[in-house]
Amino acid sequence: MNYWLVKSEPYKYSWKNLLKDKKTTWDGVRNYGARNNLKSMKKGDLVFFYHSNEGLEIVGIAKVVKEFFQDPTTTETAWVSVELAPYKTLKKPVTLAFLKNDSFLKEIELVRLSRLSVSKVTETQFLKICELGEVTL
DNA sequence: GCCAACGTTGGC
DNA sequence: GCCAACGTTGGC
């Protein structure tokens, strides 16, 4: 099992939208690093859902329900999508400011590679953030 | 294959 | 609205 994090600008697609939709196609990724991460996702992997621009916090955990396939928003075969479904909502969102201030969590790719829209999360980071978010898996 | 110019992302 | 970080493009 691997752990990931995706960013979304809430005015475009928020965690609430995902809860309402029950599942969504994660499309529109046009960055090779992010694309490679999408390709590495396995069914059942857990994915933090982060609100960028507004909120600046991790708000939920989604689950990979379908592994990568051609991104339906383009005919260029370089780009892929996965399907995500909501899994758990964090009782207490974990903010970027908090992560940056934590000597352990500041190593997370979300902080280190701030422009990457799909990033990796280690198991330890994942569990720590779940604890902070008061969410039980 | 290097690197300057430029564009984009996203936090502040 | 600014700017740092970083990816991409294109000339050489």
Side-chain angles (χ1 to χ4, degrees):
Chain A
M1 156 100 73
N2 285 301
Y3 304 93
W4 311 94
L5 179 145
V6 296
K7 292 189 206 179
S8 187
E9 299 177 31
Y11 75 90
K12 285 185 186 158
Y13 195 85
S14 69
W15 179 244
K16 270 189 183 166
N17 292 131
L18 182 57
L19 289 174
K20 185 159 58 76
D21 293 347
K22 301 286 197 333
K23 65 174 183 179
T24 193
T25 298
W26 208 255
D27 59 26
V29 171
R30 296 291 182 272
N31 167 285
Y32 287 103
R35 188 281 310 266
N36 292 344
N37 285 335
L38 288 181
K39 281 193 161 185
S40 302
M41 288 184 184
K42 296 291 174 200
K43 199 171 174 180
D45 281 359
L46 297 179
V47 184
F48 281 134
F49 196 103
Y50 173 80
H51 280 163
S52 61
N53 284 308
E54 302 161 38
L56 308 186
E57 56 193 10
I58 297 171
V59 289
I61 305 171
K63 186 181 271 201
V64 177
V65 290
K66 190 174 172 192
E67 290 175 18
F68 79 91
F69 51 93
Q70 171 67 37
D71 185 331
T73 65
T74 177
T75 53
E76 291 176 51
T77 52
W79 308 118
V80 301
S81 296
V82 296
E83 210 161 83
L84 298 179
Y87 176 59
K88 295 274 169 110
T89 300
L90 268 60
K91 277 200 194 112
K92 289 170 77 176
V94 177
T95 66
L96 179 67
F98 184 92
L99 296 175
K100 283 187 159 177
N101 268 309
D102 185 280
S103 59
F104 174 70
L105 290 171
K106 73 177 184 203
E107 296 301 320
I108 195 169
E109 282 192 359
L110 171 69
V111 174
R112 279 180 36 237
L113 310 176
S114 60
R115 290 181 59 241
L116 194 61
S117 61
V118 182
S119 61
K120 289 177 199 149
V121 178
T122 67
E123 184 172 31
T124 335
Q125 289 163 351
F126 187 86
L127 295 172
K128 185 94 185 279
I129 291 167
C130 286
E131 199 180 306
L132 292 163
E134 294 181 9
V135 65
T136 46
L137 298 172

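In what follows, every chain begins at residue 1, and chains take the letters A, B, ... in the order their sequences are listed.
- Residues from residues 50-57 of chain A that place a heavy atom under 4.0 Å from any atom of DNA chain C: there are none.
- A:L116 places its CG atom 11 Å from the P atom of C:dT8, with the value rounded to the nearest Å.
- Atoms CG (A:N31) and P (B:dT9) sit 10 Å apart, rounded to a whole Å.
- Side chains of A:S14 and A:N17: a donor-acceptor N/O pair is present below 3.5 angstrom, by distance only.
- Taking CG from A:N31 and CZ from A:R115, the interatomic distance works out to 7.5 Å, rounded to the nearest 0.5 Å.
- The closest side-chain donor-acceptor pair between A:D71 and A:T73 falls under 3.5 angstrom.
- The phosphate of B:dG10 (OP1 or OP2) has a side-chain N or O of A:K7 nearer than 4.0 angstrom.
- Regarding A:I108, its CD1 atom lies at a distance of 13 Å from the P atom of B:dG11, rounded to whole Å.
- Remark: A:K12 is not in phosphate contact with B:dT9, judged by side-chain N or O atoms under 4.0 Å from OP1 or OP2.
- The separation between A:K100 atom NZ and C:dA4 atom P is 14 Å, rounded to whole Å.
- If you take OH of A:Y32 and C1' of C:dC6, they are 16 Å apart, rounded to a whole angstrom.
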Tell me, with the steps shown, if A:F48 and A:V59 meet side chain to side chain contact (heavy atoms under 4.5 Å, CB included). CA-CA 8 Å; A:F48 281 134; A:V59 289; over 6 Å; no

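- In this structure, A:V29 and A:R35 approach most closely via the heavy-atom pair CG1-N, 3.9 Å.
- Using a 4.0 Å heavy-atom criterion, one finds that A:L96 contacts the sugar-phosphate atoms exclusively.
- The ring-ring contact (aromatic ring centres under 6.0 Å, His included) test with A:F49 singles out one residue from A:W26, A:Y87, A:W4, and that residue is A:W26.
- Taking atom CG of residue A:L113 and atom C1' of nucleotide C:dA5, one finds them 10 Å apart after rounding to whole Å.
- Separating the CD atom of A:E9 from the P atom of B:dG10 is a distance of 6 Å, rounded to the nearest angstrom.
- Rounded to a whole Å, the CG atom of A:N36 is 14 Å from the C1' atom of C:dG7.
- Here the CG-NZ distance, from A:L96 to A:K7, works out to 8.5 Å after rounding to the nearest 0.5 Å.
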